[in-house]
There are 2 protein chains.
Amino acid sequence: MSPPLSPVRTRNAAATRTAILEAARRRFAHEGYDRTGLRDIASDVGVDAALISRYFGGKEELFEEVLTCGPNIAEFLEGDREGFGDRVATMMAIEPMREEKFELFLIMLRSASSPKAAAAIRRHSSEAFFQPLEAWLGGEDAAVRARVLSCLMMGATMNRMIHEDYLLDDSQRRELCDALARTLNHFVSSDV
Amino acid sequence: MSPPLSPVRTRNAAATRTAILEAARRRFAHEGYDRTGLRDIASDVGVDAALISRYFGGKEELFEEVLTCGPNIAEFLEGDREGFGDRVATMMAIEPMREEKFELFLIMLRSASSPKAAAAIRRHSSEAFFQPLEAWLGGEDAAVRARVLSCLMMGATMNRMIHEDYLLDDSQRRELCDALARTLNHFVSSDV
DNA sequence: GGGCTATGTCATCAGTTGGTGACTTCTAGG
DNA sequence: CCTAGAAGTCACCAACTGATGACATAGCCC
C-alpha cells in the first residue's frame with residue numbers, strides 16, 4: 001500500500017515488529033486474510049518476508065497478534081450517547097469511506113470467511129467488540145441490543161463495501177442515514 | 001462437498017454444464033470466491049477441472065454465470081407481509097443455519113472482498129436483490145427502506161457466520177429474534 | 001578495535017492455483 | 001459397422017503462496 005510507515009528503523013527489532021504489525025493490520029483490513037501475502041506486508045515495511053515468519057511464527061500467529069493489539073470498538077463509543085446514532089450513521093452512509101476508521105469491521109468482514117482467520121476472529125470479537133459495547137450500553141438486555149447494533153453496523157459497512165454509493169442519490173442517502181441513526185439510537189437507549 | 005448432484009450424466013454437455021453451475025454455486029456460497037478452486041468444483045461434479053475452463057472460459061466467467069442464473073431474494077419475499085420480519089428473523093437467529101437458504105447472502109458476504117468477484121456482485125446485486133426487494137416493498141422510499149433491510153439481513157447473516165450461536169443463550173436469542181423481527185417489519189410497512 | 005550476537009537477507013522448497021493444448025473415448029448418423 | 005465430431009481427460013506450465021535453513025551484516029560490549 002503506502003510506503004511510509006516508520007520514519008527510521010535501523011536494526012531496531014521492536015520498531016520493526018511494530019511496523020510489521022501496523023502494515024499487517026492495514027493489509028488484513030483492506031484485502032482480507034487470504035488475499036494478503038506475507039511478501040506484501042514485508043514490502044510495505046521494507047523488509048524481507050522471511051523476517052515475519054521468524055518474528056511471529058507464521059501468518060496465522062501474525063493475524064492473531066494483529067487482533068490482540070488491534071483496533072476495537074472504543075472509538076465508536078466516544079461522545080455523548082444521544083449522538084451515537086448520528087455519528088455512526090453519518091460515518092457509514094454519508095462521509096467518504098475512510099477505511100482506517102473501520103479497520104475492526106473490515107478485518108471481520110473481509111477475513112471471517114477464511115477458516116484460519118475465523119477462529120482468531122471468534123476468539124477476539126468478544127473482547128474487542130461485544131464486551132465494550134455491552135458495557136457502554138448497560139442494562140439487563142445489553143447483550144441483545146449489542147447484537148442488533150452489530151447487525152446494523154456490520155450490514156451498513158458491508159453495503160458500503162459492495163457499492164460505495166449504495167446506489168442511492170444524495171437525498172436518499174440522507175434518508176438512509178436518518179433511518180439508520182434512529183434505529184441505532186433506539187437500541188442504544190431503549191429496552192428491546 | 002456432497003457427491004450426488006445429477007444422478008446420471010453420461011456425455012451430456014447440457015447436464016454437465018448445469019451440474020458444474022450448481023456445484024460452483026454451492027462452493028462459492030460455502031467457501032467464497034478465493035477459497036474455491038476449479039479442482040474442487042470439478043471433483044464435486046466428478047469431472048476434470050479443464051472442462052470448466054473450456055465450458056465457461058475461466059473462473060471469473062463461471063462466477064458471473066452463477067450469479068446470472070443464481071439465487072435471488074425472491075424466496076424471502078414469499079408469504080404475507082406482516083409475517084416477513086418473523087420469518088426472516090427466525091431463520092437468521094433461531095433456526096439451525098441452513099446454508100442453502102442463504103446462498104445469495106453468503107455469496108455476497110464471502111466473496112465481496114475479492115476484487116474480481118466484487119465486480120460481478122456489484123453488477124448483479126441490483127437485479128437479484130434490491131430491485132425485487134424494492135418492488136415488493138413498494139412506496140416512494142422503497143429504495144431507502146430496502147437498504148435498511150439489507151443492512152439488517154446482511155449483518156444478521158454475518159453475525160451468524162462469525163459465531164454460530166451469537167454467544168447468546170436461548171432466551172436472549174429469542175429476544176434478539178423479536179427485536180430483529182420488529183425492526184424488519186417496521187421498515188417493511190412504515191415510512192422511514 | 002575485535003569479536004559476538006541480534007538483526008536481517010537470500011536461495012530455495014513443496015504445495016497450490018488457474019489455464020492451455022494435445023490426447024483419448026464415447027456416441028450419433030450414415 | 002465405422003467414422004467424424006462432440007465430450008471429457010491428461011500432462012504440463014507459469015505464477016504464486018507460506019515456510020525454512022544457511023548465510024550476510026551491522027552495532028554493542030569488552
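Every chain is numbered from 1, with letters handed out A, B, ... down the list of sequences. Below, each value reflects all heavy atoms present in this structure, side chains not excepted, and no hydrogens, waters or symmetry copies. Quick caveat: nothing in here was measured; it's all calculated off a predicted structure.
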Inset, instruction - Kindly indicate whether a cation-pi arrangement holds for A:K59 with A:F28, taking the cut-offs as under 6.0 Å to the six-membered ring centre and within 45° of the axis. - result: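 No; the conditions do not both hold, so A:K59 does not lie above the ring face of A:F28.
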Inset, instruction - Answer yes or no on whether A:R147 is positioned over the face of A:F130, meaning its NZ or CZ is under 6.0 Å from the six-membered ring centre and within 45° of the axis. - result: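 So A:R147 does make the cation-pi contact.
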Legend entry - A:E164/A:R160 salt bridge by N-O under 4.0 Å criterion: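 Salt bridge flag = yes for A:E164 with A:R160.
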Legend entry - B:E99 and B:R110 ion-paired at < 4.0 Å: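 Judged by the 4.0 Å cut-off on N to carboxylate O distance, B:E99 and B:R110 do form a salt bridge.
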Nucleotide N/O to protein N/O under 3.5 Å, stretch nucleotides 24-26 of chain C:
| from | atom 1 | to | atom 2 | distance (Å) |
| --- | --- | --- | --- | --- |
| C:dT25 | O2 | B:R11 | NH1 | 3.2 |
| C:dT25 | O2 | B:R11 | NH2 | 2.9 |
| C:dC26 | O4' | B:R11 | NE | 3.4 |

Legend entry - Heavy-atom check, side chain of B:F129 versus side chain of B:H124, under 4.5 Å: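 The answer is no; the side chains never approach within 4.5 Å.
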Inset, instruction - Using a 4.5 Å cut-off on heavy atoms from C-beta on, say whether the side chain of B:R174 contacts that of A:V144. - result: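 The answer is no; the side chains never approach within 4.5 Å.
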For [X] and [N], what is the distance between atoms [atom1] and [atom2] respectively, to the nearest whole Å?
X: B:R17; N: D:dA6; atom1: CZ; atom2: P; result: 16 Å
X: B:I52; N: D:dC10; atom1: CD1; atom2: C1'; result: 15 Å
X: A:N12; N: C:dT7; atom1: CG; atom2: P; result: 8 Å

Inset, instruction - Would you please indicate if the ring centroids of B:F105 and B:F76 are separated by under 6.0 Å? - result: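 Yes, the ring centres sit under 6.0 Å apart.
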Inset, instruction - Considering just the side-chain nitrogens and oxygens of B:T16, establish if one lies under 4.0 Å of OP1 or OP2 belonging to D:dA7. - result: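 B:T16 to D:dA7 OP1/OP2: no side-chain N or O under 4.0 Å.
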Legend entry - Side-chain N or O of B:Y55 closer than 4.0 Å to phosphate OP1/OP2 of D:dA7: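 For D:dA7, OP1/OP2 do not have a side-chain N/O of B:Y55 under 4.0 Å.
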Inset, instruction - Quick one: list whatever passes salt bridge (Lys or Arg N to Asp or Glu O under 4.0 Å) with A:R54, sequence neighbours left out. - result: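 For A:R54 there are no salt bridge (Lys or Arg N to Asp or Glu O under 4.0 Å) partners, ignoring immediate neighbours.
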Legend entry - Sugar-phosphate or base contact per nucleotide [nucleotides 15-23 of chain C; S, B, -; heavy atom under 4.0 Å]: ---BBBB--
